[in-house]
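Input: a single structure, listed below in structure tokens.
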Number of protein chains: 2
Amino acid sequence: MTAAHDPRQNYLLAALPAEDLERVSKRLKLVELPLGEALYESGSHQRAVYFPTTAIVSLLYTLADGSSVEIAVVGNEGIIGVSLFMGGETTPSRAVVQSAGYAYRWQGKFLKEEFTLGGPMQHVLLRYTQALLTQMAQTAVCNRHHSVDQQLCRWLLLSLDRLVGNELVMTQELIANMLGVRREGVTEAAGHLQSAGLIKYSRGRIKVLDRAGLEARTCECYAVVKKEFDRLLPAITQYY
Amino acid sequence: MTAAHDPRQNYLLAALPAEDLERVSKRLKLVELPLGEALYESGSHQRAVYFPTTAIVSLLYTLADGSSVEIAVVGNEGIIGVSLFMGGETTPSRAVVQSAGYAYRWQGKFLKEEFTLGGPMQHVLLRYTQALLTQMAQTAVCNRHHSVDQQLCRWLLLSLDRLVGNELVMTQELIANMLGVRREGVTEAAGHLQSAGLIKYSRGRIKVLDRAGLEARTCECYAVVKKEFDRLLPAITQYY
DNA sequence: CCGTTTATGTTCGGTATCGTACACAACTTC
DNA sequence: GAAGTTGTGTACGATACCGAACATAAACGG
């Protein structure tokens, strides 16, 4: 297994000039993120950030009554723990591994040192944070105006973009938690998509058969977020 | 009218050490923001940022079908135009003056110069941006889980926190646009609050009679956001 | 192989919000 | 003070989603 793991599998790290990446990489530690692990809890002091490579992580808010909502999803295009460089140290959200995989862990101390240099890393992190802002805002809009069917499509597409292959390991129950709706609502919506031949699922495995079909059926929110990520992140490479 | 206007009416500016504030102030220009003015439109290149003193500005997303939602509200505790220092230059949202008043305008060029110094201004702006992130995330949660009644309370409280006095100039129609619900829904919710003796309104003027009552009736979202702002922003002054 | 757990399917009444339509009342304009 | 505009009140059926209860069916563990 040669070159199985490389920091450049993460987009933000890949966007760094060689010398910066080399300096940073010395401090990175590859970690395995099992499904369901919480990288941090609401309000807890965060000690490190994570650059996912193959893992996908959800940012969730949990209400006093126990109900929850996903407000953003982070994969190999991003970083978990923006509050460490934004200055707040903690956030009211939780970060939970939605799809098992790997990530590079970076101590908060080293992150802050690098951030204050004001170089490419700072630039990349801030641009990513703006993309994250857009994703959260669009989630707010989507929660207000769109149907569960549309939101399920959006969610599948966002996850798909952060995975290799076309299969997700995820029960309807968990998707319901993410979307903040009932499990039955997801069953129904997923049923629609399956009858339409867009997906095929069974017991926690969802295979996407017709990606274009999902894109046609979802709301504009997916496209807005995707476009904004494409606008903000490729531009990274033009910085130098 | 002595001392009618002072940059320190804005919290972020007030948080700067004297020498920084003095340097920055030379470039600030006081502007009047009339009700309904758009400080920037979706996707348009932003040339300046605004530090409100007495004005309140809503960040709105508008959908293809014309419906809209407020995703955050900014008053004298914040700044309009975070994308200028985050690096994206534009955002998909609009910024509309919700309550007429004043703000200090700062050219993007000067902002960027100051930001790259990495001093107190950068620190303050990033912390504020994190607070904004929290507000957006909580809006997403609230849109999913809470009733119009609760959201109206939250909205009134957030506006009240950014105003002097207890009266808002705002029609139910406009509030409905902000919350992303029908005007009739707001009429009904406002009726509930009025019968309960919490507010009194007529033709675009809303007087809050019982603030504590509103706090009791709203969802936890208001408190979460408020607490997070209090945590992130007072801490600014402990930076030096 | 059998019992248990886990994932999904189905039903049913309840409710919040929607979309639409229209009435009325207050302020504005001429 | 008549006419128009603007802000609010009310009523109606339609519908998307909820909460709860229960049914089936696939995987798992002994």
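Quick note on labels: first sequence line is chain A, next is B, and so on, each numbered from 1. Because the structure is a prediction, the values reported are computed rather than measured.
- For the contact set between residues 138-145 of chain B and DNA chain D, defined by any heavy atom under 4.0 Å, there are no members.
- Annotation: side chain of B:Val57 is not in contact with side chain of B:Tyr50 (no heavy-atom distance under 4.5 Å).
- Interatomic distance, A:Tyr11 OH to A:Leu13 CG, rounded to the nearest 0.5 Å: 12.0 Å.
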Might you work through the side chain to side chain contact (heavy atoms under 4.5 Å, CB included) test for A:Glu228 and A:Gln135, ending with a clear yes or no?
CA-CA 9 Å; A:Glu228 192 67 357; A:Gln135 193 184 159; over 6 Å; no
Would you tabulate the pairs of protein nitrogen or oxygen atoms and nucleotide nitrogen or oxygen atoms of nucleotides 28-30 of chain D closer than 3.5 angstrom?
none

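- A:Gln98 and A:Glu70 form a side-chain donor-acceptor contact under 3.5 Å, judged by distance and modelled atom types alone.
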Per-nt protein contacts along nucleotides 3-11 of chain D (heavy atom under 4.0 Å; B base, S backbone sugar-phosphate only, - none) come out as ---BBBBB-
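- A search for side chain to side chain contact (heavy atoms under 4.5 Å, CB included) contacts involving B:Leu198 returns B:Leu193, B:Ala196, B:Asp210, B:Leu214, B:Arg217, not counting sequence neighbours.
- When only modelled atom types and interatomic distance are considered, B:Thr90 and A:Arg231 share a side-chain donor-acceptor pair under 3.5 Å.
- Counting 5' to 3', DNA chain C first comes under 4.0 angstrom of a heavy atom of chain A and last does so at the ends given by C:dT6 to C:dT10.
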Which is it for B:Leu133 and B:Met136 under the side chain to side chain contact (heavy atoms under 4.5 Å, CB included) test, yes or no, and what are the steps along the way?
CA-CA 5 Å; B:Leu133 264 163; B:Met136 288 187 182; 5.8 Å; no
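- Counting non-hydrogen atoms of neighbouring residues, nucleotides and ligands closer than 6.0 angstrom, the CD atom of A:Glu188 reaches no more than 12 such neighbours.
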From CA spacing to verdict: side chain to side chain contact (heavy atoms under 4.5 Å, CB included), A:Gln151, A:Asn143:
CA-CA 8 Å; A:Gln151 292 185 47; A:Asn143 280 351; 3.4 Å; yes
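- Taking the six-membered ring where tryptophan is involved, the planes of A:Trp106 and A:Phe51 are tilted, since the angle between them lies from 30° to 60°.
- Under a cut-off of 6.0 angstrom, the local environment of CZ in B:Arg8 is sparse, with at most 12 non-hydrogen atoms contributed by other residues, nucleotides or ligands.
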Go through the steps for B:Thr134 and A:Thr91 under the test side chain to side chain contact (heavy atoms under 4.5 Å, CB included), then give the verdict.
CA-CA 8 Å; B:Thr134 299; A:Thr91 71; 5.6 Å; no
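- Inspection of the A:Asp149 and A:Ser147 side chains reveals no N or O donor paired with an N or O acceptor under 3.5 Å.
- Taking the C1' atoms of five terminal pairs at each end of the helix from C:dC1-D:dG30 to C:dC30-D:dG1, the two resulting helix axes are inclined by 30°, rounded to 10°.
- Atom CG of residue A:Leu84 and atom CD of residue A:Glu89 lie 5.5 Å apart, to the nearest 0.5 angstrom.
- The OH atom of B:Tyr61 lies 10.0 Å from the SG atom of A:Cys221; values are rounded to the nearest 0.5 Å.
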